[in-house]
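Lettering of chains follows the sequences in order, A, B, ..., and the numbering in each one begins at 1.
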Number of protein chains: 2
Amino acid sequence: MKFEKTFGDTVKKLREDKNLPLREVAEALNIDTSMLGKIEKNSRKPTKQIIEKFAKLFKVSSKDLTIAFLSDAVAYQVMEEENFSSEVFKVAEEKVEYLKTKKPLDK
Amino acid sequence: MKFEKTFGDTVKKLREDKNLPLREVAEALNIDTSMLGKIEKNSRKPTKQIIEKFAKLFKVSSKDLTIAFLSDAVAYQVMEEENFSSEVFKVAEEKVEYLKTKKPLDK
DNA sequence: CTACCTTTGGACTGAAGTAGTCCAAAATGA
DNA sequence: TCATTTTGGACTACTTCAGTCCAAAGGTAG
């Protein structure tokens, strides 16, 4: 699976590669057609469940789809601020590493 | 400036190193004492303005403090999901890179 | 123990944000 | 032209969150 520029682009590509209309995919996912359109346009976020359904429907790894989604969220969050992205991600990785060990109790 | 485990820990350390009570720092920042307490406990998020004031008050780089803050936000976001952090950050960096060039028009 | 100050956190309110729906206009294309 | 898809505006309900107030708990010195 390829990571497009945004999550919306990613799922849009999956759909268009199969020449399916929004309506049809939306039905399969059991969501409103308009909702799906918005997800493809990044103006609504999919739930975890929808991501899972996407993965099943298009037979792609749900882990990859989740990465596509989370990286979007994280990228936008950092973009809104200044140009520290690399540094932010670097420090964030350390924090995640630390928090992973601490997670159980967390205090 | 040192990056503690969380943003709250970072500012708490700054304050305690100077032996200042919450009340005093809160006054200087012009926020409620309880608010500051919550920020140190990571249960409320500081605004950009507050981060700036923090930086001035403790004479640390506001860029660093911002990194401390953003990395927290980003770390928690990724932590909530599975264990893909490194991959997420890697893809996110690419997206930021791309978005930075596109930002002006954005579509 | 008392008195005082600090720290912690519960509870609440109002504001901001967001998902999801419905609908209609615009685009596409046969 | 007609049918279908795509787009997005507008709205509602729901959730989240900042910010405040207050009271209980903790610490410390007299």
Side-chain angles (χ1 to χ4, degrees), chain A residues 4-54 57-58 65-66 69-70 72-81 105-107, chain B residues 4-54 57-58 65-66 69-70 72-81 105-107:
Chain A
E4 305 297 331
K5 312 304 184 190
T6 66
F7 178 81
D9 287 345
T10 300
V11 291
K12 182 171 189 178
K13 181 135 198 318
L14 289 172
R15 179 176 63 81
E16 290 183 336
D17 282 354
K18 297 207 169 189
N19 282 307
L20 299 171
L22 286 169
R23 180 186 46 75
E24 212 166 319
V25 172
E27 262 169 36
L29 299 176
N30 216 38
I31 63 177
D32 191 288
T33 300
S34 190
M35 191 63 212
L36 179 56
K38 289 182 211 300
I39 288 174
E40 288 191 353
K41 289 213 151 354
N42 303 300
S43 81
R44 288 295 186 282
K45 291 178 188 172
T47 63
K48 292 185 193 58
Q49 291 73 25
I50 291 178
I51 292 179
E52 294 303 323
K53 287 184 184 177
F54 260 124
L57 181 59
F58 291 116
L65 255 197
T66 302
F69 171 64
L70 284 178
D72 246 48
V74 154
Y76 280 113
Q77 196 170 356
V78 170
M79 284 289 301
E80 284 165 17
E81 316 291 325
L105 27 165
D106 194 30
K107 184 251 175 70
Chain B
E4 305 296 333
K5 312 305 186 190
T6 66
F7 178 81
D9 287 345
T10 300
V11 292
K12 182 170 189 179
K13 181 135 198 320
L14 289 172
R15 178 176 64 81
E16 290 183 337
D17 283 354
K18 298 207 167 188
N19 282 307
L20 299 171
L22 286 169
R23 180 186 47 75
E24 211 167 319
V25 173
E27 262 169 36
L29 299 175
N30 217 39
I31 62 177
D32 191 286
T33 300
S34 189
M35 191 64 212
L36 178 56
K38 289 182 211 301
I39 289 173
E40 289 191 353
K41 289 215 151 354
N42 303 299
S43 82
R44 289 294 187 281
K45 291 179 187 171
T47 62
K48 292 185 191 61
Q49 292 74 26
I50 291 179
I51 292 178
E52 294 304 323
K53 287 184 183 176
F54 261 124
L57 181 60
F58 292 114
L65 255 197
T66 302
F69 170 65
L70 283 178
D72 246 48
V74 155
Y76 279 114
Q77 195 169 357
V78 170
M79 283 290 300
E80 284 165 16
E81 316 291 323
L105 24 166
D106 196 27
K107 185 257 171 70

Trainee: Look at all strands and tell whether K38(B) reaches a base, only sugar-phosphate, or nothing, counting heavy atoms closer than 4.0 Å.
Mentor: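 Base: the residue K38(B), judged by heavy atoms under 4.0 Å, touches a nucleobase.
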Trainee: When the distance from CG of L29(B) to P of dA18(D) is rounded to whole Å, what number comes out?
Mentor: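 In whole Å, dA18(D) P lies 16 Å from L29(B) CG.
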Trainee: State, with a plain yes or no, whether a side-chain heavy atom of T6(B) is found less than 4.5 Å away from one of Y76(B).
Mentor: yes
Trainee: Grab the CE-C1' distance between M35(A) and dC22(C) for me, whole Å please.
Mentor: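 Atom CE in M35(A) sits about 14 Å away from atom C1' in dC22(C).
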Trainee: With a 4.5 Å heavy-atom cut-off, do L14(B) and L57(B) have their side chains touching?
Mentor: no
Trainee: Once you round it to whole Å, what is the distance between C1' of dA18(D) and CD1 of I31(B)?
Mentor: 11 Å
Trainee: Could you tell me the separation between the CG atom of N19(B) and the C1' atom of dG27(D), rounded to a whole number of Å?
Mentor: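 In whole Å, dG27(D) C1' and N19(B) CG are 14 Å from each other.
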Trainee: Between dG9(C) and S43(B), counting only base atoms on the nucleotide and side-chain atoms on the residue, is there a donor-acceptor pair under 3.5 Å?
Mentor: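 No, the side chain and the base share no sub-3.5 Å donor-acceptor pair.
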Trainee: Would you indicate what R23(A) reaches in the nucleic acid, counting non-hydrogen atoms under 4.0 angstrom: base, sugar-phosphate, or nothing?
Mentor: sugar-phosphate
Trainee: Hey, does I39(A) have a side-chain heavy atom less than 4.5 Å from the side chain of F7(A)?
Mentor: yes
Trainee: Please state how far atom CD1 in I50(B) lies from atom P in dA18(D), giving the value in whole angstrom units.
Mentor: 10 Å
Trainee: Tell me: CD of E16(B) to P of dT6(C), nearest whole Å?
Mentor: 14 Å
Trainee: Over how many whole Å does the gap from L36(B) atom CG to dT20(D) atom C1' extend?
Mentor: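 Going from CG in L36(B) over to C1' in dT20(D) covers 14 Å.
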Trainee: Could you tell me whether the side chain of S34(A) has a donor or acceptor atom within less than 3.5 Å of a complementary atom in the base of dG20(C)?
Mentor: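 Side chain to base: no pair present.
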Trainee: Which heavy atom of K45(A) sits nearest a heavy atom of M35(A), and at what distance?
Mentor: O-CE, 4.5 Å
Trainee: Whole angstrom is fine here: how far is it from OH in Y76(A) over to P in dG17(C)?
Mentor: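 From Y76(A) OH to dG17(C) P: 18 Å.
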Trainee: Kindly say if R44(B) contacts the phosphate of dG9(C), meaning a side-chain N or O under 4.0 Å from OP1 or OP2.
Mentor: no
Trainee: Between K41(B) and dT8(C), is there a contact of a side-chain N or O with OP1 or OP2 at under 4.0 Å?
Mentor: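 K41(B) to dT8(C) OP1/OP2: side-chain N or O found under 4.0 Å.
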Trainee: Output yes when a side-chain donor or acceptor of K38(A) lies under 3.5 Å from a complementary backbone atom of R44(A), and no otherwise.
Mentor: no
